[in-house]
Amino acid sequence: MPATLYQEPRTPAVTEPHDTSSDQPPSSSSASCVIKLTSDIIKQTIQSARVLVTRVVFSKAAMMCLRKQKRRIIDRIIEESVPQFYGPNAVFQSFITTAHRKQVANALSAKRGKMIDFAQEGVTTAFRLFPPRGHTSPPNEFHIARVSALIQGADPLLFMHDFYFDENDAIIVRARFQNPFVMANAIHFVWYWGNTSFLDTASSKLKAIKHVSCVAGAATHCALYEQGGACIDTDPFGGRAHHTKFKDILAAVDGLTGAEKDDFEAFLHYVLAVGPSQMRGNEDTSTSDSDDSD
């Protein structure tokens with residue numbers, strides 16, 4: 001949906017509305033031309049915003065956790081979701097409430113939650129956290145040691161790389177930041193769950209898929225971290241620690257130079273090329289998925 005331009009009223013500030021708006025038709029003040037949205041239009045706007053907020057996952061703000069930043073971005077998403085028939089220069093009476101922000105933020109959490117679900121369900125197989133048959137280490141000791149090597153060793157982002165275990169169970173890296181499990185998670189999110197419209201409308205598809213891949217990486221780290229103790233303790237995805245890990249991964253891939261940078265960009269092109277193979281027949285699932293956040 002194209003963005004709607006907004007202008008701040010030049011007349012005295014409009015008072016904040018209550019959580020429930022009047023059902024009267026839209027009207028404009030003769031003095032300020034400020035439009036008061038009806039409750040039906042506000043409801044439609046919030047429903048649209050719960051879909052549009054998925055766009056955030058394709059940006060560098062994908063794992064935002066600071067309250068002021070989140071409020072600013074959520075408010076902008078809601079404002080852009082107002083129906084377009086009012087015209088590009090329409091000015092609206094303030095209508096966004098805390099309840100509206102919560103609905104849209106919950107929709108974003110539900111979208112990102114699909115990536116942590118994917119990671120939690122597949123991490124034990126993808127990273128071979130079970131000891132081979134006949135191995136002398138107890139299962140708990142084995143997966144704790146393996147997780148420690150992947151996320152707490154000399155390279156804390158080792159889990160993001162394409163690697164294999166040799167005959168001595170040593171980790172051999174083939175290519176940095178090209179882990180196939182992380183790639184599959186990003187592809188699943190974009191194509192299987194029908195979020196391709198946000199990729200198609202991004203100013204740079206390469207940057208957009210990079211950001212989604214970094215979210216998938218943060219989700220993978222979260223799932224591995226949960227496996228790092230004798231008991232599996234699930235950790236809600238989206239907090240400050242996950243924001244920090246997302247930023248660490250993004251900074252690391254943006255810091256690649258020379259041949260590694262070229263190889264990583266070629267890898268992103270590869271993801272864009274193979275991703276559509278996972279698109280479902282009923283590709284448009286974004287609207288129904290947003291209902292999961294209630």
Side-chain angles (χ1 to χ4, degrees), residues 1 19 42-81 96-123 181-182 184-199 201-202 208-227 232-250 284-294:
M1 178 183 296
D19 283 359
I42 292 174
K43 181 178 180 181
Q44 177 185 343
T45 297
I46 300 306
Q47 284 295 105
S48 297
R50 291 171 64 192
V51 176
L52 184 61
V53 75
T54 306
R55 184 179 68 189
V56 174
V57 184
F58 293 77
S59 73
K60 63 182 180 181
M63 294 299 296
M64 59 180 178
C65 65
L66 298 177
R67 183 174 299 180
K68 288 184 178 180
Q69 181 192 27
K70 183 181 293 187
R71 175 168 175 157
R72 183 176 67 252
I73 292 176
I74 293 296
D75 281 3
R76 185 165 67 243
I77 291 290
I78 294 174
E79 290 168 355
E80 291 183 23
S81 300
I96 303 173
T97 68
T98 299
H100 295 148
R101 295 186 184 100
K102 185 176 181 180
Q103 288 183 58
V104 178
N106 285 348
L108 175 59
S109 295
K111 282 292 187 179
R112 291 188 308 210
K114 292 187 181 300
M115 277 190 272
I116 188 63
D117 289 344
F118 186 99
Q120 288 170 331
E121 291 168 5
V123 72
F181 179 70
V182 175
N185 196 346
I187 287 175
H188 203 74
F189 178 80
V190 175
W191 283 275
Y192 183 84
W193 285 117
N195 294 314
T196 55
S197 62
F198 301 101
L199 180 65
T201 56
I209 197 63
K210 176 183 69 176
H211 292 142
V212 174
S213 297
C214 290
V215 178
T220 301
H221 181 273
C222 178
L224 284 168
Y225 184 84
E226 292 170 356
Q227 294 282 338
I232 310 301
D233 295 321
T234 57
D235 185 19
F237 187 55
R240 186 175 296 274
H242 308 126
H243 166 78
T244 300
K245 185 55 60 177
F246 168 81
K247 298 293 285 186
D248 288 347
I249 296 170
L250 183 58
D284 186 13
T285 63
S286 56
T287 302
S288 60
D289 287 345
S290 67
D291 295 337
D292 296 342
S293 61
D294 282 337

| task | Without swapping roles, check the side chain of His242 against the backbone of Gly238 for a donor-acceptor pair under 3.5 Å. | result |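 Confirmed, His242 side chain pairs with Gly238 backbone.
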Donor-acceptor pairs under 3.5 Å, side chain of residues 56-70 to any protein atom, not counting sequence neighbours: which ones?
unit_1	atom_1	unit_2	atom_2	d
Ser59	OG	Val56	O	2.7
Ser59	OG	Ala61	N	3.2

Could you check whether any side-chain heavy atom of [X] comes within less than 4.5 Å of a side-chain heavy atom of [Y], counting everything from C-beta outward?
X     : Y      : result
Arg71 : Asp75  : yes
Val53 : Lys111 : no
Ile74 : His100 : no

Could you state the interatomic distance from [atom1] ([X]) to [atom2] ([Y]), rounded to the nearest 0.5 Å?
X      : Y      : atom1 : atom2 : answer
Ser81  : Ile42  : OG    : CD1   : 13.0 Å
Arg76  : Leu52  : CZ    : CG    : 10.5 Å
Glu226 : Phe237 : CD    : CZ    : 10.0 Å
Asn195 : Ser197 : CG    : OG    : 7.0 Å
Lys247 : Cys214 : NZ    : SG    : 10.0 Å

| query | Checking ring pair (Phe, Tyr, Trp, His ring centres under 6.0 Å) against Phe118, which of Tyr192, Phe189, Phe181 comes through? | reply |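 Testing each of Tyr192, Phe189, Phe181 against Phe118, the sole residue satisfying ring pair (Phe, Tyr, Trp, His ring centres under 6.0 Å) is Phe181.
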| task | Please identify each residue that fulfils ring-ring contact (aromatic ring centres under 6.0 Å, His included) with Tyr225, with sequence neighbours left out. | result | none
| field | His221: ring-ring contact (aromatic ring centres under 6.0 Å, His included) partners, not counting sequence neighbours | value | Phe159
If every non-hydrogen atom of [X] is compared with every non-hydrogen atom of [Y], which pair is closest and at what distance?
X      : Y      : value
Ala119 : Ala219 : CB-O, 3.6 Å
Ala216 : Val182 : CB-O, 3.7 Å
Ile78  : Thr45  : O-CG2, 3.3 Å
Ile249 : Ala218 : CD1-N, 3.7 Å

| field | Evaluation steps, side chain to side chain contact (heavy atoms under 4.5 Å, CB included), between Arg101 and Thr98 | value | CA-CA 5 Å; Arg101 295 186 184 100; Thr98 299; 4.2 Å; yes
| said: Consider side-chain hydrogen bond (donor to acceptor under 3.5 Å, both in side chains). Of Gln44, Lys43, Arg50, which one does Gln47 pass it with? | reply: Arg50
| field | Verdict with reasoning, Ile116 to Arg112, per side chain to side chain contact (heavy atoms under 4.5 Å, CB included) | value | CA-CA 7 Å; Ile116 188 63; Arg112 291 188 308 210; over 6 Å; no
